[in-house]
Amino acid sequence: MSKILIITGGSKGIGKALANHYSNNGYEVYSLSRTTNNSEIINEIKVDLSNLNDSVLLFENLIQKLKSTPIESITLINNAGRLGQIANLEHISPEDIHKSIVLNTTIPLSFSSIFIKELSSINCLKQIITISSGAAKKAYTGWSVYCSSKAAIDMMTATIAQEQEYVDNPTKAFGIRPGVVDTNMQSQIRTTNSSDFRNVQRFIDLKENKELYTPEYVASKIFELDTKGSLKNGLTVDLRDL
């Protein structure tokens, strides 16, 4: 019986740390990402998650493969995301908006839909954990697309929990806001011109004052909350509040 983790964006940042942490604790891990690390412990599947059709087909095939094996538990972590262009909305191109929404919102919704449907007859622990952001609750000038996309997946988490409450072999859904983490996304934020992002100095100060979480710390906390059953179905929690 296998404990399985499927994670999007598992090659960098929080995703990479999560993939490694779960793998080191006995999980069979599948990472779906645009880049790979030639890992010897992670099943790395190269895919451009901003291409919806290719991503959906690949994910459907992976679930079909996995459901034919004995499963003790299976978890999907919707982690992949992009900040996109930082600017007032009127200065962001429709193409950039579309790419961010596909990666941040459409892929989590689509993968969660396939996960629930295709595993509906499997009687084991089934979970969807979605990596959200404090930006889902707080508006930031220049982040209209990112804030909107993260607010959407918080509602996805809450709705899945309601929809699954009375079905046989339900899937549970949880959300995590990891706080401010030292990743490539933070590097992008700190190099943004203040005319496009007036809060940029706050993020520069967090880095200089060594107040950023490491991806490894975030991964260990999420793993602990998950495996100890501390997450509440349908809720998105902020690691900074715990």
Side-chain angles (χ1 to χ4, degrees), residues 1-11 14-33 36-37 39-45 47 55-80 107-132 153 156-176 178 215-216 218-237 239 242:
M1 299 284 280
S2 299
K3 293 185 291 184
I4 297 170
L5 173 71
I6 307 169
I7 183 167
T8 61
S11 65
I14 296 171
K16 180 180 179 181
L18 281 166
N20 286 327
H21 200 89
Y22 275 80
S23 180
N24 290 333
N25 283 275
Y27 282 72
E28 183 178 338
V29 177
Y30 294 82
S31 167
L32 280 59
S33 187
T36 58
N37 298 312
S39 173
E40 296 182 356
I41 61 172
I42 309 296
N43 298 290
E44 297 179 302
I45 302 172
V47 59
S55 300
V56 164
L57 180 60
L58 185 148
F59 189 71
E60 287 175 337
N61 289 338
L62 176 60
I63 294 295
Q64 288 299 323
K65 170 190 168 185
L66 295 176
K67 69 188 286 188
S68 65
T69 63
I71 300 173
E72 178 182 336
S73 71
I74 183 166
T75 299
L76 167 65
I77 298 186
N78 291 309
N79 165 74
I107 285 291
L109 280 163
S110 300
F111 279 17
S112 297
S113 170
I114 294 164
F115 184 91
I116 294 167
K117 180 181 178 180
E118 295 301 326
L119 297 172
S120 60
S121 63
I122 307 296
N123 185 15
C124 71
L125 176 64
K126 295 176 291 187
Q127 303 182 121
I128 298 170
I129 299 174
T130 300
I131 305 302
S132 183
I153 58 172
M156 177 193 79
T157 295
T159 306
I160 289 172
Q162 284 194 13
E163 292 176 347
Q164 290 290 296
E165 188 173 1
Y166 298 109
V167 305
D168 295 331
N169 306 317
T171 297
K172 294 185 177 181
F174 313 105
I176 301 284
E216 291 73 23
V218 170
S220 67
K221 290 297 294 182
I222 292 173
F223 181 82
E224 178 184 358
L225 291 168
D226 172 16
T227 56
K228 289 188 175 181
S230 302
L231 297 171
K232 294 186 179 180
N233 196 23
L235 295 185
T236 297
V237 297
L239 293 186
L242 304 176

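Keep in mind that the numbers below use all heavy atoms, side chains included, and drop hydrogens, waters and symmetry copies.
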Within a strict 4.5 Å, meaning less than it, do heavy atoms of the [X] and [Y] side chains meet?
X    : Y    : answer
I41  : N24  : yes
L225 : F174 : no
I176 : L231 : yes
C124 : E72  : no
I128 : I116 : yes
S73  : I4   : no
F59  : Q64  : no
I160 : S112 : yes

Keeping the roles fixed (side chain from [X], backbone from [Y]), state whether a donor-acceptor pair exists under 3.5 Å.
X    : Y    : result
N79  : I7   : no
D226 : I222 : no
E44  : N37  : yes
S113 : L109 : no

Rounded to the nearest 0.5 Å, what separation is found between the [atom1] atom of [X] and the [atom2] atom of [Y]?
X    : Y    : atom1 : atom2 : answer
S31  : L18  : OG    : CG    : 10.5 Å
I77  : F111 : CD1   : CZ    : 14.0 Å
I153 : S132 : CD1   : OG    : 5.0 Å
H21  : S23  : NE2   : OG    : 11.0 Å

According to side chain to side chain donor-acceptor pair (under 3.5 Å), who are the partners of [X], at least two apart in sequence or on a separate chain?
X    : value
Y27  : none
T8   : none
T130 : N78

Looking at K3 and E28, is any side-chain nitrogen of the basic one under 4.0 Å from a carboxylate oxygen of the acidic one?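 Result for this pair is no, no salt bridge flagged.
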Would you name the heavy atoms of G234 and A161 that are closest together and state the gap between them?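 In this case the closest contact between G234 and A161 is CA-CB, 3.4 Å.
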Check salt bridge (Lys or Arg N to Asp or Glu O under 4.0 Å) between [X] and all other residues, then give those that pass, not counting sequence neighbours.
X    : value
E224 : K221, K228
K117 : none
K172 : none

Single hit among V29, I45, T75, L76 for side-chain contact (heavy atoms from CB on, under 4.5 Å) with I6: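 So the option named by the test is L76.
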